[in-house]
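Structure, as structure tokens:
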Amino acid sequence: MREVVIVGGGIVGLLGAFELTKREISATVIDESEGGLASWAGGGILSPLYAWRYSDAMNRLTFDAMARYRELFSELVGRCLEWSDLHQGGLWVHVDTKEMNTVKDWAGKWGVLSETLSGSVLLPSFPFSEGVFFPDLGNVRNPRLLKALRSYLTSKGVSFIKDKVVSLLPKQKGAALETQNGLVLNAENVIVCAGVGSSKLLSMLGVSLPMFPVKGEMLLYYLTPGRVPSVMLTQSGYLIPRADGA
Ligand SMILES: Cc1cc2nc3c(=O)[nH]c(=O)nc-3n(C[C@H](O)[C@H](O)[C@H](O)COP(=O)(O)OP(=O)(O)OC[C@H]3O[C@@H](n4cnc5c(N)ncnc54)[C@H](O)[C@@H]3O)c2cc1C
């Protein structure tokens with residue numbers, strides 16, 4: 001059995017390990033945190049925010065995300081995860097009349113259901129009216145998905161090491177990793193999924209990947225479940241509903 005070491009246990013590293021176990025390739029995940037920095041904090045919207053502004057290549061990667069997440073959930077539900085953590089309440093986007101035709105053309109091309117709808121129809125007193133609603137899109141509850149993936153992977157024999165990789169050096173075959181706690185691993189295959197920490201690690205292999213963190217702000221409100229029925233997106237911010245109201 002081949003062995004792969006994955007640096008970073010956020011959504012990218014865990015889904016990488018998930019795909020490897022399906023191919024009967026054994027994986028070890030090293031993460032300095034409990035797993036997932038951006039992946040824990042992320043809103044979990046399962047589509048680009050303004051998909052029509054992206055290239056076809058990006059759209060090919062993302063247009064069937066809901067269907068693929070339904071498949072993923074069918075394997076994970078019951079492990080700290082409920083079907084309600086995949087919220088299929090739709091995505092409403094504030095779009096002005098100038099952009100509306102582009103949106104309609106995009107939706108037709110990719111077979112995505114859409115309707116022109118005022119924001120206040122979904123959320124009374126919402127101050128933005130012009131917009132488009134995609135009823136088949138939605139969002140996922142990130143922290144629970146991460147927990148479920150870790151539980152699934154552990155049951156499939158994936159090992160997790162809580163440590164920070166401080167050195168990554170190329171070898172004739174694979175790479176040598178060293179951690180903050182002095183662990184040394186020689187791995188034939190290493191996948192770097194360390195989020196914003198990836199640039200530092202990859203620079204040790206001579207690969208330049210200029211990345212930098214961007215500051216944002218997220219607020220958590222407890223509301224009556226269903227009060228915000230769908231993701232509501234405007235240029236100045238967005239609302240993301242959770243099934244339990246949080
Ligand atoms: C507030 C917010 C909202 C967002 N909303 C959305 C959204 O709605 N939809 C969407 O698609 N995307 C969203 N994103 C973006 C999305 O969350 C990220 O693109 C995604 O989670 C990145 O996953 P990752 O696994 O690459 O990185 P991370 O989740 O950051 O995981 C990287 C992991 O690597 C570990 N690590 C780093 N360096 C080392 C090292 N040297 N040794 C060991 N471990 C290391 C870290 O501890 C971390 O756990 C949002 C992001 C934020 C911050």
Side-chain angles (χ1 to χ4, degrees), residues 6-22 27-49 61-62 65-92 136-165 191-198 211 213-233 237-246:
I6 297 177
V7 185
I11 191 67
V12 177
L14 295 186
L15 286 179
F18 183 81
E19 290 300 325
L20 290 173
T21 56
K22 295 236 167 273
T28 298
V29 178
I30 308 185
D31 197 307
E32 63 178 314
S33 69
E34 281 304 324
L37 294 179
S39 302
W40 188 90
I45 303 172
L46 296 177
S47 51
L49 298 181
L61 275 177
T62 55
M66 276 311 274
R68 283 193 275 143
Y69 267 82
R70 269 194 291 272
E71 251 175 62
L72 178 65
F73 264 61
S74 66
E75 304 208 42
L76 299 177
V77 160
R79 295 176 184 272
C80 341
L81 197 70
E82 304 299 329
W83 274 108
S84 57
D85 293 321
L86 181 64
H87 190 263
Q88 299 171 65
L91 166 73
W92 182 88
D136 288 346
L137 301 183
N139 57 295
V140 67
R141 188 69 170 257
N142 289 9
R144 291 191 189 156
L145 176 59
L146 293 177
K147 269 193 196 163
L149 273 168
R150 278 180 79 100
S151 152
Y152 173 93
L153 293 171
T154 305
S155 77
K156 297 287 174 192
V158 172
S159 353
F160 287 87
I161 299 173
K162 188 167 185 273
D163 209 341
K164 179 177 182 164
V165 175
I191 306 181
V192 177
C193 310
V196 78
S198 297
M211 287 173 81
V214 177
K215 198 172 173 189
E217 194 171 36
M218 194 166 56
L219 300 173
L220 182 68
Y221 292 100
Y222 288 92
L223 300 173
T224 321
R227 170 99 185 270
V228 178
S230 83
V231 178
M232 307 286 292
L233 170 69
Y238 49 90
L239 299 172
I240 301 178
R242 304 296 186 204
D244 58 7

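The figures that follow rest on heavy atoms only: side chains count, while hydrogens, waters and symmetry mates do not.
Nearest heavy-atom pair across Glu34 and Arg150 is O-NH1, 3.0 Å. Closest non-hydrogen pair, Ala65 versus Leu46, comes out as CB-O, 3.3 Å. Across Asn139 and Arg242, no two heavy atoms sit closer than the pair ND2-NH1, 3.2 Å. Among all heavy-atom pairs drawn from Met66 and His87, the shortest one is CE-O, 4.2 Å. Closest approach of Leu49 and Tyr238 over heavy atoms only: CD1-CE2, 4.2 Å. Contact detail for Ser230 and Gly90: the closest heavy-atom pair is CB-O, 3.3 Å.
Listed by chain and number, the residues in a side-chain contact (heavy atoms from CB on, under 4.5 Å) with Ser159 are Thr28 (sequence neighbours excluded). In this structure, the side-chain contact (heavy atoms from CB on, under 4.5 Å) partners of Ser39, at least two apart in sequence or on a different chain, are Ile11, Leu146. Applying the side-chain contact (heavy atoms from CB on, under 4.5 Å) test to Asp136 and every residue at least two apart in sequence or in another chain returns Leu113. By the side-chain contact (heavy atoms from CB on, under 4.5 Å) test, Ala148 is found to be paired with Leu76, Arg79, Leu81, residues two or more places apart in sequence or in another chain being considered. With sequence neighbours excluded, no residue satisfies ring pair (Phe, Tyr, Trp, His ring centres under 6.0 Å) with Phe160. By the side chain to side chain donor-acceptor pair (under 3.5 Å) test, Ser33 pairs with Asp31, sequence neighbours left out.
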Original post:
Hey, mind stepping through Trp40 and Asn142 against side chain to side chain contact (heavy atoms under 4.5 Å, CB included) and telling me if it holds?
Top reply: CA-CA 6 Å; Trp40 188 90; Asn142 289 9; over 6 Å; no

Set out, in order, the CA-CA distance, both residues' side-chain angles and the distance that settles side chain to side chain contact (heavy atoms under 4.5 Å, CB included) for Tyr221 and Leu239, then state yes or no.
CA-CA 10 Å; Tyr221 292 100; Leu239 299 172; 5.9 Å; no

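Proximity of Val228 to Leu223: side-chain heavy atoms (C-beta onward) are separated by under 4.5 Å at one or more points. For the pair Val158 and Ile6, the minimum side-chain heavy-atom distance is 4.5 Å or more. Taking the side chain as every heavy atom from C-beta outward, Leu72 and Leu15 approach each other to under 4.5 Å. Proximity of Leu14 to Tyr152: side-chain heavy atoms (C-beta onward) are nowhere separated by under 4.5 Å.
A donor-acceptor pair under 3.5 Å links the side-chain atoms of Ser198 to the main chain of Ala194, judged by distance alone. A donor-acceptor contact shorter than 3.5 Å is absent between the side chain of Asp85 and the backbone of Arg141.
Summarising the geometry, atom OH belonging to Tyr69 is positioned 9.5 Å from atom CG belonging to Leu86; distances are rounded to the nearest 0.5 Å. Taken from CD1 in Ile240 to CD1 in Ile45, the straight-line distance is 4.0 Å, to the nearest 0.5 Å.
By the 6.0 Å contact criterion, CZ on Arg227 is open, its count of non-hydrogen atoms from other residues, nucleotides or ligands being 12 or less.
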